[in-house]
Trainee: 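Please see the structure below; I have some questions.
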Amino acid sequence: MKILVLGSGLLGVTLAYELGRRGHDVTVLDRQPGSGMETSYANGGQLSYSHAEPWANPSVLPKLPKWILDPDAPLVFRPRLDWPMIKWGLAFLRNCTDSRARTNCETMLRLGLYSKKQMARIREETGIEFDYSGKGILHIFSTQKDFDHAKRQIEFQATLGCEEKLLSKQEALALEPALSHTPRAIVGGIHSFLDESGDALMFCNALAKVATEKHNVKFRYGVFINRLRAEGNEIKAVFTDQGEITADAYVMALGSYSPLYLKSLHIRLPIYPMKGYSITLEANEYCPRVSLTDGTYKVVYSRLGNRLRVAGTAEFAGYSQKINDHRIAPIVRAAKELFPKANWNDEIKNWACLRPSTPDGPPIMGATPYQNLFLNTGHGTLGWTQAAGSATVVSDLIERKSPGIPLAGLTMERYA
Ligand SMILES: Cc1cc2nc3c(=O)[nH]c(=O)nc-3n(C[C@H](O)[C@H](O)[C@H](O)COP(=O)(O)OP(=O)(O)OC[C@H]3O[C@@H](n4cnc5c(N)ncnc54)[C@H](O)[C@@H]3O)c2cc1C
């Protein structure tokens, strides 16, 4: 089948690889000069399959008023007259009930654990290198309240087949000795030992190379998509700045920009750009080797070879990708406090980009009202984690096969 994948981020590249290895004639379009140049460029690096608690959950509600007023808050929600943002915000609030948070958690865990298996397969098939680490993710907590909340969450996740280990402060420090230099209080930890980490950009480039060389996938960079043309219930072509391109099937993987191109087809998806930030520095012996999540400050750390990546913040600022120094500052402060002896005097690379976020948490995959248009978008904070599983599921759906996991909560039907 001739398939056009729109977007060459993590979701587009992984899907293109999967479709290519199944023997399809695949072309990927992207406006950038290479793969992974937007949101998949310098993310937190965590393959956090076990991290399935959605942002929308009851514990967030009492924190919201403080976050709205606090410029250093991990979630910055500035109310303004932006109708898609207001609608997204109201849907987010509706998902902050206990029962919805549990359902959304189950959905994300189902996709996460499936992704772990598919990622292992892709690594074995391709042998690609991307500063992979299989040491798990260590979550640390500075307040008993945050720790107790996380303990309840792992008890719930254990009932869904996700095992994690509760650690005392001493055990957490033994797992990651670089934490022993911090003045910060650490009340305990959780080791999500199923989890992994790695460099998403290296993965995108290495996988695109294998897809091209082994499976004849064509990557067309520097192509700007203007719109999709439909007739009846079928997509007929994609209009780009380089002319019209046609295929038998089309997949929407334009990240945060997906809803803008679906609107003219009367498909309305509640995906809103949630801006995040990261810093990258050369690592020294005082930097962590295990990927970490600071559960109190909501900042993540990944050791990527000889670099340390630190990422965090969720800011609602429309489609601006501009780096706001005020938002980088709390990440640097939290990281300096946790690892005071890291290379803070050397160059630090700052980065910001837009997570394509749904208000409930899970991504949006699969069928649309158009028989040859499929979705692989809306992966929000977990697009690196869920890329391999999503690629397998969407490929199965394009081939009209039943996917390896139930689709409940993962398709656009849930918003009908
Ligand atoms: C600070 C930060 C930290 C994160 N940390 C993690 C983490 O630790 N673990 C994790 O699992 N996830 C993490 N994420 C989320 C993850 O990076 C995203 O979910 C993922 O990158 C989304 O991939 P995508 O392919 O959907 O979008 P993108 O990577 O943005 O790809 C979309 C592509 O579409 C192209 N495009 C858009 N419009 C057009 C057009 N008109 N014409 C042509 N091309 C177009 C863009 O150029 C882009 O390449 C993080 C995100 C951020 C911002």
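Along the sequence shown, the residues carry numbers beginning at 1. No hydrogens, no waters, no symmetry mates; every other heavy atom, side chains included, goes into these values. Each ligand, and each atom within it, is numbered from 1 in the order the structure gives.
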Trainee: Can you figure out which of S390, S40, G380 has its heavy atom closest to atom 18 (C) of ligand 1?
Mentor: G380
Trainee: Taking distance alone, with no angle check, do R355 and ligand 1 share an N/O pair under 3.5 Å?
Mentor: no
Trainee: Nearest non-hydrogen atom to atom 36 (N) of ligand 1 belongs to which of L254, T14, L47?
Mentor: L254
Trainee: Quick one: do R31 and E38 make a salt bridge, cutoff under 4.0 Å?
Mentor: yes
Trainee: In terms of relative ring orientation, are F130 and W384 parallel, tilted or perpendicular, with 30° and 60° separating the classes?
Mentor: perpendicular
Trainee: Starting from atom 31 (O) of ligand 1, locate the nearest protein heavy atom and write down its residue, its atom name and how far away it is, to 0.1 Å.
Mentor: G9 CA, 3.4 Å
Trainee: N/O to N/O below 3.5 Å, does that happen between L11 and ligand 1?
Mentor: yes
Trainee: Among all protein heavy atoms, pick the one closest to atom 44 (N) of ligand 1 and tell me residue, atom and distance.
Mentor: R31 N, 3.0 Å
Trainee: So which atom in L10 and which in S40 form the shortest heavy-atom distance, rounded to 0.1 Å?
Mentor: N-OG, 2.9 Å
Trainee: Under the rule for side-chain contact (heavy atoms from CB on, under 4.5 Å), what residues qualify as partners of T182, not counting sequence neighbours?
Mentor: R184, I186, L338
Trainee: Taking R121 first and then E18, would you say they form a salt bridge - that is, a charged N and a carboxylate O separated by under 4.0 Å?
Mentor: yes
Trainee: For ligand 1 and Q386, I'd like to know whether there is a polar contact (N/O to N/O, distance under 3.5 Å).
Mentor: no
Trainee: Taking all non-hydrogen atoms of both residues, which atom of S302 and which atom of Q46 are closest, and how far apart?
Mentor: OG-CG, 3.6 Å
Trainee: Do the rings of H139 and H51 sit parallel, tilted or perpendicular, given the 30° and 60° boundaries?
Mentor: parallel
Trainee: Please report whether ligand 1 has a polar contact with Q46, defined as an N or O pair separated by less than 3.5 Å (distance criterion only).
Mentor: yes
Trainee: Below 4.0 Å from any atom of ligand 1, is there a heavy atom belonging to C353?
Mentor: yes
Trainee: Just going by heavy-atom distances, which of G44, S258, G222 is nearest to atom 3 (C) of ligand 1?
Mentor: G44
Trainee: Can you confirm, on distance only, whether ligand 1 has an N/O atom lying under 3.5 Å from any N/O atom belonging to G312?
Mentor: no
Trainee: Counting heavy atoms only, which of L260, V5, D30 is nearest atom 35 (C) of ligand 1?
Mentor: D30
Trainee: Identify which of Y49, Y257, Y261 has a heavy atom lying nearest to atom 41 (N) of ligand 1.
Mentor: Y261
Trainee: Does at least one non-hydrogen atom of L382 fall below 4.0 angstrom from an atom of ligand 1?
Mentor: yes
Trainee: So is there a nitrogen or oxygen of I225 less than 3.5 Å from a nitrogen or oxygen in ligand 1?
Mentor: yes
Trainee: So which bit of S35 gets within less than 4.0 Å of ligand 1, heavy atoms only: side chain, backbone, both or neither?
Mentor: neither
Trainee: Is R110 salt-bridged to E106, going by a charged N under 4.0 Å from an acidic O?
Mentor: yes
Trainee: Please verify whether a non-hydrogen atom of V223 lies at under 4.0 Å from ligand 1.
Mentor: yes
Trainee: Return yes or no for this condition: an N or O of Y277 is under 3.5 Å from an N or O of ligand 1.
Mentor: no
Trainee: Taking atom 10 (C) of ligand 1 as the point of reference, which of D241, T381, N43 owns the nearest heavy atom?
Mentor: T381
Trainee: Can you tell me which residue and heavy atom of the protein come closest to atom 27 (O) of ligand 1, and the distance to 0.1 Å?
Mentor: G255 CA, 3.6 Å
Trainee: Do Y250 and Y370 have ring centres separated by under 6.0 Å?
Mentor: no
Trainee: So, K218 and D25, do they make that salt bridge, N to O below 4.0 Å?
Mentor: yes
